[in-house]
Amino acid sequence: MSKKFEYKVVIYRESMLGSLFLGGSKVDPVKFSAFLNKNGAEGWEVKTMEREERRMLLFFSREAFLVVLQREIG
């Protein structure tokens with residue numbers, strides 16, 4: 001019998017305030033770790049992750065991570 005999985009795609013990013021006041025915003029590693037640990041406790045495992053700069057308004061940008069999570073069903 002083969003294993004079955006479910007997937008969840010999440011775009012993780014900080015709030016816009018850092019971008020507005022500082023011109024750019026980086027992901028807080030402590031908050032990002034808490035996000036990953038919370039999902040890990042629910043059985044989710046990071047399958048892949050990609051970092052990107054997301055443009056916001058005209059002159060601002062903020063760091064974001066596209067995270068694909070996987071967990072076994074049943």
(request) Go through E6 and W44 one step at a time and tell me if the side-chain contact (heavy atoms from CB on, under 4.5 Å) criterion holds. (result) CA-CA 9 Å; E6 64 177 325; W44 294 102; 3.7 Å; yes
(request) Go through the steps for L69 and V46 under the test side-chain contact (heavy atoms from CB on, under 4.5 Å), then give the verdict. (result) CA-CA 5 Å; L69 302 163; V46 175; 3.7 Å; yes
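Ion pairing of R71 with E45 is absent here, as no side-chain N (NZ or NE/NH1/NH2) approaches a carboxylate O to less than 4.0 Å.
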Distance-only donor-acceptor hits, side chain of residues 28-39, under 3.5 Å, sequence neighbours excluded:
unit_1 : atom_1 : unit_2 : atom_2 : d
D28    : OD1    : V30    : N      : 2.9
S33    : OG     : P29    : O      : 2.8
N37    : ND2    : S33    : O      : 3.2
K38    : NZ     : E42    : OE2    : 3.4
N39    : OD1    : K8     : NZ     : 2.7
N39    : ND2    : F35    : O      : 3.0

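To the nearest 0.5 Å, the span separating CD on E50 from CZ on F65 amounts to 10.5 Å. Rounding to the nearest 0.5 Å gives a distance of 10.5 Å between CD of E63 and OH of Y12.
Under the 4.5 Å side-chain criterion, counting only non-hydrogen atoms from C-beta, V67 is not in contact with V9.
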